[in-house]
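Notes follow the structure.
Being a predicted model, the structure only gives us computed values, none of them experimental.
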Amino acid sequence: MIIKKTYKEFIPINNKNYRIIVGLTSWKKRINVLEPTIKSICEQTRTPDIFYLVLSKKEFPNLNTDLPKYIFDYMEKYKFFRIEWVDKNIKQFKKNL
């Protein structure tokens, strides 16, 4: 299906009744190539109210030590960007919890 309306017609950009919450999961083999995706989401015209990068402690047992520097650069630059640690890797479902 092709939608010909712009997003502004669906969600009023200045309406604070709507919150945009992004949940993105990743794992050890993908974390180093994820930066363009994170950058794209953070630099949208309407930025998210909260952006969770959901990571499993099982995949990253040393937590922050296992993560690339760019993750912390984004956390510093964008206050809405945060890491959400979960205990088990339950695949993509972990971002829904």
**Heavy-atom closest pair, residues Ile38 and Tyr70** = CD1-CE1, 3.9 Å
**Item:** Closest contact, heavy atoms only, Phe72 versus Ile83
**Value:** CE2-CD1, 4.5 Å
**Request:** Please work out which of the three classes, parallel, tilted or perpendicular, describes the rings of Tyr74 and Tyr78, given edges at 30° and 60°.
**Result:** parallel
**Prompt:** How about Phe51 and Phe80: are their ring centres within less than 6.0 Å of each other?
**Reply:** no
**Item:** Euclidean distance, Ile71 CD1 relative to Phe81 CZ, rounded to 0.5 Å
**Value:** 4.5 Å
**Message:** Applying the side chain to side chain contact (heavy atoms under 4.5 Å, CB included) criterion to Leu24, which one of Val54, Thr37, Leu55 satisfies it?
**Reply:** Thr37
**Request:** Could you walk me through whether Trp27 and Leu34 pass side-chain contact (heavy atoms from CB on, under 4.5 Å), step by step?
**Result:** CA-CA 10 Å; Trp27 64 306; Leu34 198 60; over 6 Å; no
**Item:** Flag side-chain contact, heavy atom, 4.5 Å: Val86 against Glu59
**Value:** no
**Message:** Salt bridge check, Asp73 against Lys77: does any charged N sit closer than 4.0 Å to a carboxylate O?
**Reply:** no
**Asked** For the residue pair Thr47 and Cys42, what are the closest heavy atoms and their distance?
**Response** CG2-O, 3.4 Å
**Request:** State whether the number of non-hydrogen atoms from other residues, nucleotides or ligands found under 6.0 Å of Glu43 atom CD is greater than 12.
**Result:** yes
**Item:** Any donor-acceptor pair under 3.5 Å from Asp49 side chain to Ile20 backbone
**Value:** yes
**Residue among Lys58, Lys28, Lys57 satisfying salt bridge (Lys or Arg N to Asp or Glu O under 4.0 Å) with Asp66** = Lys28
**Message:** Between Met75 and Leu53, is there a side-chain heavy-atom distance shorter than 4.5 Å?
**Reply:** no
